[in-house]
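Chain A is the first sequence line, chain B the second, and so forth, proteins listed ahead of strands; every chain is numbered from 1. As a basis for the values below, the full set of heavy atoms in this structure was taken, side chains included, without hydrogen atoms, waters or symmetry mates.
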Amino acid sequence: MRWSRTFIPTLREDPADAVAASHRLLVRGGFIRQLMAGSYSLLPLGMRVATKVSGIIRDEMNAIGGQELLAPVVHPAELWKRTGRWDDVEGIMVKFEDRRGADLVLALTHEEVFAQLASELNSYRELPQLWYHLQTKFRDEARPKSGLLRVREFIMKDSYSLDVGLDGLDVQFEAHRGAYDRVFARMGLESIQVEASSGNMGGSDSVEFVVRSDAGEDRVALCDSCGYAANLERAVSATDEVPDDPWEGPPQPFPTPGVRTIAGLTVMGRFAAARRQIKTLAYYVGDEFTLLVLRGDHDLEIQKLVDAVAGVVRPATEGEIVEKLGARPGSLGAVGVEHPVIGDPVLRGRFNMVTGANEDDVHLRGVDVERDLPVGRWLDMRSVREGEDCNTCRSGSLSLSKVIEVGHIFKLGRKYSEALGATVLDESGRPTPIVMGSYGIGVGRSMAAVVEVSHDGKGIIWPVSVAPFAVVITLLRPDNPAVGQAGERLYRDLNNAGIEVLLDDRKERPGVKFADAELVGIPYRLTIGPRGIESREAELASRDGSLAETVPLDRVIARLAEMVS
RNA sequence: CGGGCUGUGGCGCAGCUUGGCAGCGCGCCUGCUUUGGGAGCAGGAGGUCGUCGGUUCGAAUCCGACCAGCCCGACCA
């Protein structure tokens, strides 16, 4: 394509509202434009990159037996009511009516539709199947941010595996694991697989594919020794032993005027160190007022709780706490309460601990966890901290990283097929619900992740695999006949050789062209100007700085062909 | 959803405190000169000042409501 005829609205200055590097550079480089919060148009360059990403995904999906189709983005509410998600995902689902008053929704994802399609299968002999599409999703996120990293409308590749049994699911799950590894590697991303929460998708195993970046919103724990990797929503660490001092007799109240925090209590003395305190949090789990007890220096990882209990989880308000316990937050404890208590297992066996007395300005010491707290359920629900020992290998320590989630694979099981009647007859002639898996890759988010990990002060540095063009020909004096003719000939020959090329034929000064080429991030730049044309040479430079050489014009095509392949 | 901030030409911003002709830089158009790292000179086009209402002789400016966007947090199939 010719730059002069292509819509590439680059900006000299950074857009005011962009913070993340990918957001800033994709807007400034003329790849995307915002329409409203969390929704972007892909301009020609952005579309070319998205097409490259989609192409890699299709390639690898087809390689594991995927069949591409396309399911609608507007669904009847009925479908979502049948699986229960009409109510479960209240809030981020856009609902509306058609002219007859029928309830419709915009698809957040497509488990329902694919399960519905799968109900046409009749026999185990037709399985396994692997279906996928690249389709728009709309999620009315409360807070879209960071350009393409967190949007409301986006294109996702989602695939759905259909099997007779769990063994088949395992095979397809592992096939996806490999395909995803290859997809991200081909895009130039170093992806890491981490154990993840399945959220309200339902199902058992789930693995996230993440890329390290400070622009990311998820946090993961990584072991420096054995390779253990997990999202903080699920991560576990080895517990450090805390020796308790002996204590005889029942818990003893003591005055703590004005103390409202764990840290505030520690000044009372060694016996009240944070590790010797019991942190008591008041939550509603479903309709039940519930106390959560953790070690004083630990934090609640709420997703672990959400994953382990039924119903909605929310913190109790101060008013509810005072009504139920008779004290305000800061003096709460679970000793002798009649409410349900969930305890973090690190507290098991601990004694002579300090906790609130459910009376303002009073705490208890000498608390023996298993003797004094009516813990009805032990549940790991604490958040892993930087530097804690790995629970898997016991020799490494965990570090925490911020990451961008670019892919997620789930073993769904039979939830959707049962709800929607997607059954086949098994070998013995009995109907059995199809076992499903679902697997997603965000196209735009992957693009943004590439930019996050591959840019410099001048702009984006695309890998050839997803670059909008492999080469840009920068004509320094397009009006100079020798330069113009040489440029046109190279442009034609590169196109004929199947190398994607952008010809910068604009009547701009050299500085503008160089700066734009670097901003847009095309991997190779071929510079043709009056200086080199006399000796029939062009300059070839790579955007990443690894190459800068002079090439005779008649060698250019061959040289680029070997670079780009 | 809670807290903070911002809406003025395509982009970045000033003007608002103290009401009185709507400005600056970049970009854009025309001409001349220039041309290997974001050119110079001259001329020019382009704005319901987010929306609605109020106060006032007069509102970008003061008051109110609403809308939109950004940031922090909560949330995130």
Separation between the C1' atoms of B/A65 and B/U55, rounded to whole Å:
15 Å
Any chance CD of A/E97 has more than 12 other-residue heavy atoms, nucleotides or ligands included, within less than 6.0 Å?
yes
Parallel, tilted or perpendicular, as decided by the 30° and 60° cut-offs, for the rings of A/Y160 and A/H133
perpendicular
Under 4.0 angstrom, heavy atoms only, what part of the nucleic acid is A/G532 near: base, sugar-phosphate, or nothing?
base
Span that lies between the C1' atom of B/C41 and that of B/U51, in whole angstrom:
43 Å
Just to confirm, is there a sub-4.0 Å distance from OP1 or OP2 of B/U35 to any side-chain nitrogen or oxygen of A/K513?
no
Taking atom P of B/G69 as reference, at what distance in whole Å does atom CG of A/L35 sit?
10 Å
In terms of ring plane angle, is the pair A/F410 and A/H408 parallel, tilted or perpendicular, where the classes change at 30° and 60°?
parallel
Given the structure, check if the side chain of A/E13 and the base of B/G25 hold any donor-acceptor pair shorter than 3.5 Å.
yes
Write down the partner of B/C24 under the Watson-Crick or G-U wobble criteria, each distance required to be under 3.5 Å.
B/G12
Is the ring centre of A/W462 less than 6.0 Å from the ring centre of A/F31?
yes
Take atom P in B/G46 and the same atom in B/U56, then report the distance between them in whole Å.
35 Å
Would you classify A/R525 as touching base, sugar-phosphate or nothing, given that sugar-phosphate means primed atoms plus P, OP1 and OP2, and contacts are heavy atoms under 4.0 Å?
base
For a quick check of understanding: with a heavy-atom distance under 4.0 Å over all strands, which category does A/D516 fall into, base, sugar-phosphate or nothing?
base
Taking CE from A/M93 and P from B/C76, how many angstroms apart are they, rounded to a whole number?
15 Å
RNA chain B: A/E508 or A/R152, which has the more 5' nearest nucleotide?
A/E508
Could you tell me whether a side-chain N or O of A/R543 sits under 3.5 Å from a main-chain N or O of A/I460, the two making a donor and an acceptor?
yes
Rounded distance in Å - NZ (A/K507) to C1' (B/G31)
16 Å
Which one is paired to B/U18, where only Watson-Crick or G-U wobble pairs with both distances under 3.5 angstrom count?
none
Sugar-phosphate, base or nothing in reach of A/A142, heavy atoms under 4.0 Å
base
Side-chain N or O of A/R509 versus OP1/OP2 of B/A39: is the shortest distance under 4.0 Å?
yes
Taking the C1' atom of each, how far is B/G25 from B/A39, in whole Å?
16 Å
Need to verify one output field. Residue with the more 5' nearest nucleotide on RNA chain B, A/R445 or A/H23?
A/H23
What is the pairing partner of B/G36, taking Watson-Crick or G-U wobble pairs with both distances under 3.5 Å in any strand?
none
In terms of side-chain heavy atoms of A/K145, which of B/U35, B/C75, B/C71 is nearest?
B/C71
Pairwise P distance, B/U61 and B/G19 [rounded to whole Å]
12 Å
My understanding is that a pair needs two contacts under 3.5 Å, Watson-Crick or G-U wobble. By that rule, which nucleotide pairs with B/G69?
B/C5
In this structure, how many angstroms lie between the P atom of B/G36 and the CD atom of A/E537, rounded?
19 Å
So if I take every side-chain heavy atom of A/F514 and compare against B/G73, B/G37, B/C76, which nucleotide ends up nearest?
B/G37
When you measure from the side chain of A/E518, which nucleotide among B/G38, B/G37, B/A74 comes out closest?
B/G37
When the ring planes of A/H110 and A/H75 are compared, do they come out parallel, tilted or perpendicular, using 30° and 60° as the limits?
perpendicular
Would you say A/R12 places a side-chain N or O within less than 4.0 Å of OP1 or OP2 belonging to B/G27?
yes
Taking the six-membered ring for Trp, is the centroid-to-centroid distance between A/F289 and A/Y284 below 6.0 Å?
yes
Taking atom types as they are modelled, would you say the side chain of A/R150 forms a donor-acceptor pair with the base of B/C75 within the 3.5 Å cutoff?
yes
Nearest to the side chain of A/E141, heavy atoms from C-beta on, is which of B/C76, B/C70, B/G36?
B/C76
Of the listed nucleotides B/G69, B/A39, B/C11, the one nearest the side chain of A/L11
B/C11
Considering only atom C1', compute the distance from B/C57 to B/G12 and round it to an integer number of Å.
37 Å
Measure from CG on A/D140 to P on B/A74 and round the result to the nearest Å.
19 Å
Please find the pair of heavy atoms, one from A/I528 and one from A/A538, that lie closest to each other, and give the distance.
CG1-CB, 4.0 Å
Here the distance between atom P of B/C28 and atom CZ of A/F7, to the nearest Å, is 14 Å
Between B/G20 and B/G27 - C1' atom distance, rounded Å:
32 Å
A/Q34 side-chain N/O to B/A68 phosphate OP1/OP2 under 4.0 Å
no
pair_partner(B/G31), Watson-Crick or wobble, both distances < 3.5 Å, evaluates to B/C41
Between atom CG in A/D14 and atom P in B/C71, what is the gap in whole Å?
14 Å
To the nearest Å, how far apart are A/N231 CG and B/C76 C1'?
12 Å
Nearest to the side chain of A/V512, which nucleotide is it out of B/C71, B/A39, B/G12?
B/A39
What integer number of Å spans the C1' atoms of B/G44 and B/G9?
15 Å
Hey, does A/A515 reach any base, or is it just sugar-phosphate, or nothing, if we go heavy atoms under 4.0 Å?
base
